[in-house]
Amino acid sequence: MAFRLHPFQFGKLCGSVWGIFLFGYTWFLILHKGGHIDPSFIGFAYYRYAVTPLGSIIGLAWGFADGFLAGALFAWFYNWVKHARTP
């Protein structure tokens with residue numbers, strides 16, 4: 001029996017993990033660095049993201065959307081490759 005990933009479920013998992021990570025990372029920077037930090041690459045990748053309390057919510061939303069899309073596409077591609085040779 002071949003193992004299959006469910007793209008929607010895997011997308012939700014990846015989106016939740018990436019969104020929560022960005023939220024936590026933003027708050028870590030706010031609490032430990034004072035919040036006056038250049039957001040570096042994350043600020044360029046996600047529109048309106050900043051190292052602020054509002055930016056953490058924006059990062060959570062963008063992170064969920066980005067992670068969901070990446071996870072769902074990965075699961076779909078995995079299923080396509082894994083089961084292309086299966087009769």
Side-chain angles (χ1 to χ4, degrees):
M1 185 165 91
F3 178 73
R4 286 185 150 311
L5 291 174
H6 297 278
F8 184 74
Q9 299 298 328
F10 194 70
K12 286 192 317 185
L13 173 70
C14 292
S16 297
V17 168
W18 186 239
I20 290 169
F21 170 77
L22 281 176
F23 182 84
Y25 177 68
T26 303
W27 277 101
F28 174 80
L29 290 176
I30 290 170
L31 295 174
H32 293 286
K33 306 285 184 175
H36 301 288
I37 301 167
D38 178 33
S40 66
F41 178 72
I42 298 172
F44 295 118
Y46 298 123
Y47 179 67
R48 299 192 48 93
Y49 172 81
V51 183
T52 63
L54 178 60
S56 68
I57 303 297
I58 292 170
L60 177 69
W62 274 115
F64 180 81
D66 189 29
F68 178 84
L69 182 63
L73 287 175
F74 175 81
W76 176 82
F77 186 70
Y78 171 83
N79 290 336
W80 181 70
V81 169
K82 181 76 174 171
H83 301 289
R85 290 176 262 132
T86 305

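Atoms considered below: every heavy atom in the structure, side chains included; atoms not considered: hydrogens, waters and symmetry mates. Keep in mind that this is a model prediction, so the values were computed, not measured.
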Original post:
What pair of heavy atoms forms the shortest contact from Leu22 to Ile42, and how long is it?
Top reply: CD2-CD1, 3.8 Å
Original post:
Considering residues at least two apart in sequence or located in another chain, which fulfil the ring pair (Phe, Tyr, Trp, His ring centres under 6.0 Å) criterion with Tyr78?
Top reply: none
Subject >> Side-chain cluster (under 4.5 Å, hydrophobic types only) that Leu73 belongs to, other residues >> reply: Leu69
**OP:** Go through Phe68 and Phe8 one step at a time and tell me if the side-chain contact (heavy atoms from CB on, under 4.5 Å) criterion holds.
**Re:** CA-CA 8 Å; Phe68 178 84; Phe8 184 74; 3.6 Å; yes
Subject >> Hydrophobic cluster partners of Trp80 (side-chain heavy atoms under 4.5 Å) >> reply: Trp76, Phe77, Val81
Distance-only check: which donor-acceptor pairs under 3.5 Å involve side-chain atoms of residues 10-18, not counting sequence neighbours?
| from | atom 1 | to | atom 2 | distance (Å) |
| --- | --- | --- | --- | --- |
| Ser16 | OG | Lys12 | O | 2.8 |
| Trp18 | NE1 | Tyr46 | OH | 2.8 |

Subject >> Where Thr52 and Ile30 come nearest, the two heavy atoms and their spacing >> reply: C-CD1, 3.4 Å
Original post:
So, the side chain of Asn79 versus the backbone of Leu5: is there a donor-acceptor pair under 3.5 Å, distance only?
Top reply: yes
Output a table of donor-acceptor pairs, distance under 3.5 Å, between side-chain atoms of residues 54-62 and any protein atom two or more places apart or on a different chain; print 'none' if there are none.
| from | atom 1 | to | atom 2 | distance (Å) |
| --- | --- | --- | --- | --- |
| Ser56 | OG | Trp27 | NE1 | 3.0 |
| Ser56 | OG | Pro53 | O | 2.5 |
| Trp62 | NE1 | Tyr47 | O | 3.0 |

